Amino acid sequence: MAVPMLDLKAQYAKIKDEVDAAVAEIFNAQQFRGGPVVEGFEAAMAAYLGADHGIAMASGTDALLIMLRAVGVQPGDEVITTPFTFFATAGAIVNVGAVPVFVDIEPDTFNLDTGLVERAITGKTRAILPVHVFGQCVDMDPILEVGRKHGVVVVEDAAQAVGAKYKGRSACTLGMAGALSFYPTKNLGAAGEGGMIITNDAQLAQTARVLRCHGSVTQYHHDEVGVNSHLHALQAAVLRVKLPYLDGWNARRGEVRTYYDEQLGGLPGVVLPTVADFGDPVWHQYVIRLPRRDEALTLLQSRGIGCGVFYPKPLHRQKCFAHLDCRHAACPEADRACGEVLALPVYPELTTAQQDEVIAAIRDHIRACA
């Protein structure tokens with residue numbers, strides 16, 4: 001039985017009538033940028049997270065970049081972040097002219113090791129940018145305390161963690177601002193690209209709105225140089241339909257995770273995901289460690305089972321950052337994780353029968369390793 005890594009067609013089939021009707025309304029109105037649909041989704045997303053402001057962007061990457069600019073990150077500043085995440089996090093830092101400073105990860109959660117953050121602070125540090133990797137929140141209180149102590153802004157990359165909670169509070173609302181991604185593979189995915197900045201700071205929100213519109217408040221008058229980054233109304237319409245389903249989808253992801261844990265627990269060499277006691281994750285990815293990972297990847301793929309390696313090379317070892325003199329930063333846990341991790345299918349529409357195919361393949365691999 002073939003098992004896709006993600007089945008967006010199955011998700012669409014369940015909400016097709018609602019999505020099609022919402023999209024048809026956009027074409028009938030012929031307002032494709034801005035307007036009540038986009039503004040309504042911004043308000044709904046902010047309310048869902050318990051925040052005051054949502055500023056929609058064309059992508060999660062743009063949300064990161066504009067967020068960093070809005071909090072005052074300048075060329076030459078340093079921004080502390082993780083080496084074990086998608087490229088956009090460090091790419092946004094570099095694209096605002098700042099320098100990423102990579103701090104190693106915890107081996108169990110894959111998130112930023114909060115005990116290492118303070119020693120990375122220098123006189124050039126402007127911001128700390130933790131990433132809630134795979135849908136589980138970073139332990140934010142120690143980071144926020146370091147930020148207060150040193151006068152450093154804390155902002156969040158919550159692209160993988162929409163709906164996740166930290167001590168009862170939503171990811172993306174814990175720092176001064178947070179960035180979301182609505183890339184189609186995310187827990188809340190658009191029919192294309194999309195992103196959003198979430199904040200309780202009214203001035204930051206206004207700055208972000210200006211920066212996403214070429215630095216303009218009044219048409220053809222520009223106070224600073226911004227970018228053109230707007231969430232199109234078609235995307236907002238799709239996301240507005242999906243948002244009420246998000247909690248149920250995330251709960252189902254949790255059920256899938258529990259079944260994997262029950263069936264894979266105790267297999268020699270397999271390390272299951274750890275859940276920190278302060279958080280409520282949303283399982284954007286279900287990532288295990290296992291011996292001879294590349295052989296396991298090949299086996300699953302040969303059986304038509306979707307899987308992935310997130311991530312095969314840490315950011316501090318990427319060629320494009322060689323000039324930053326950070327390729328050999330001391331991040332041994334990130335290096336080790338990149339050689340051992342394997343992500344298994346974990347989406348709401350995944351059936352038990354499909355999971356059993358995945359589990360059987362992992363068991364066969366472990367037997368072959370014995």
Side-chain angles (χ1 to χ4, degrees), residues 1-11 13-14 84-86 105-111 132-136 160-161 164 185-187 189 248-277 279-314 332-370:
M1 178 192 301
V3 183
M5 184 65 174
L6 181 66
D7 192 348
L8 292 177
K9 290 183 178 180
Q11 182 190 83
K14 294 183 178 182
F84 190 74
T85 187
F86 182 60
I105 62 171
E106 298 173 334
D108 51 357
T109 67
F110 302 112
N111 275 327
H132 304 303
V133 175
F134 304 148
Q136 179 163 207
Q160 301 182 24
T185 60
K186 295 297 192 290
N187 293 36
W249 289 340
N250 283 341
R252 173 59 189 150
R253 286 173 179 266
E255 293 172 355
V256 171
R257 167 254 169 174
T258 297
Y259 188 68
Y260 275 137
D261 282 0
E262 292 171 349
Q263 300 301 314
L264 298 177
L267 289 180
V270 175
V271 180
L272 303 179
T274 296
V275 180
D277 58 9
D280 184 9
V282 293
W283 303 106
H284 173 61
Q285 301 291 349
Y286 181 88
V287 177
I288 62 174
R289 293 177 185 261
L290 74 174
R292 292 158 49 180
R293 189 273 315 283
D294 291 347
E295 294 177 28
L297 177 69
T298 299
L299 174 63
L300 266 65
Q301 290 176 337
S302 72
R303 296 186 182 184
I305 297 172
C307 53
V309 175
F310 307 118
Y311 300 89
K313 180 183 284 191
E333 291 298 343
D335 287 331
R336 186 166 71 91
C338 287
E340 297 177 354
V341 295
L342 185 67
L344 307 180
V346 58
Y347 52 91
E349 298 78 20
L350 189 68
T351 67
T352 301
Q354 288 175 315
Q355 273 194 274
D356 285 338
E357 292 286 331
V358 179
I359 292 160
I362 296 295
R363 287 174 174 166
D364 288 346
H365 170 70
I366 295 302
R367 279 194 290 268
C369 290

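Just so it is clear, the structure is predicted and the values come from calculations on it, not from any experiment.
In this structure the side chain of Val287 reaches within 4.5 angstrom of the side chain of Phe110, judged on heavy atoms. With contacts defined as side-chain heavy-atom distances shorter than 4.5 Å, the pair Val341/Pro312 does not qualify. The closest side-chain heavy-atom distance from Tyr347 to Thr185 is not below 4.5 Å. Here the side chains of Asp294 and Thr298 are not in contact, with every heavy-atom distance at 4.5 Å or above. You'll find the side chain of Ile362 reaches within 4.5 Å of the side chain of Leu344, heavy atoms only. In this structure, Val3 and Leu350 have side chains that are in contact, with non-hydrogen atoms separated by less than 4.5 Å. Residues Asn111 and Phe84 form no side-chain contact, since every pair of their non-hydrogen atoms from C-beta on lies 4.5 Å or further apart. Within the 4.5 Å cutoff, the side chain of Pro273 has no heavy atoms near those of the Tyr260 side chain.
If you take CZ on Arg293 and SG on Cys369, they are separated by 12.5 Å, rounding to the nearest 0.5 Å. Atom CD of Gln160 is separated from atom OG1 of Thr85 by 5.5 Å, given to the nearest 0.5 angstrom. We find the CG-CZ distance between Leu342 and Arg289 to be 12.5 Å, quoted to the nearest 0.5 Å. Note that CG of Leu272 is 8.5 Å distant from CZ of Arg257, once rounded to the nearest 0.5 Å. Here CG of Leu264 is found 7.0 Å from CZ of Arg363. Values are rounded to the nearest 0.5 Å. For the atom pair CD of Glu255 and OG1 of Thr258, the computed distance is 7.5 Å after rounding to the nearest 0.5 Å.
Taking the six-membered ring wherever Trp is involved, the centroid distance between the rings of Phe86 and Tyr311 does not fall below 6.0 Å.
Not one N or O on the side chain of Arg303 forms a donor-acceptor pair closer than 3.5 Å with the backbone of Val358. Remark: the backbone N or O of Gly279 is not paired with any side-chain donor or acceptor of Gln136 at under 3.5 angstrom. The main-chain N or O of Pro291 is found under 3.5 Å from a side-chain atom of His365 such that the two form a donor-acceptor pair.
Across Pro107 and Glu333, no two heavy atoms sit closer than the pair CB-OE1, 3.4 Å. Nearest heavy-atom pair, Gln285 versus Ala343, reported as atom, atom and distance to 0.1 Å: OE1-CB, 3.9 Å. When all heavy atoms of Ala353 and Met1 are compared, the pair lying nearest together is CB-CE, 4.0 Å. Pro348 and Arg253 make their closest contact through CD-NE, 3.9 Å (heavy atoms, listed as atom of the first residue, atom of the second, distance). When all heavy atoms of Ala164 and Pro281 are compared, the closest pair comes out as CB-CA, 4.5 Å. Summarising the geometry of Trp283 relative to Val275, their closest heavy-atom pair is CZ2-CG2, 3.5 Å, with the distance given to 0.1 Å.
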Test side-chain contact (heavy atoms from CB on, under 4.5 Å) applied to Glu349 and Lys14, step by step: CA-CA 10 Å; Glu349 298 78 20; Lys14 294 183 178 182; 4.1 Å; yes
Test log, rule side-chain contact (heavy atoms from CB on, under 4.5 Å), inputs Thr352 and Tyr259: CA-CA 8 Å; Thr352 301; Tyr259 188 68; 3.8 Å; yes
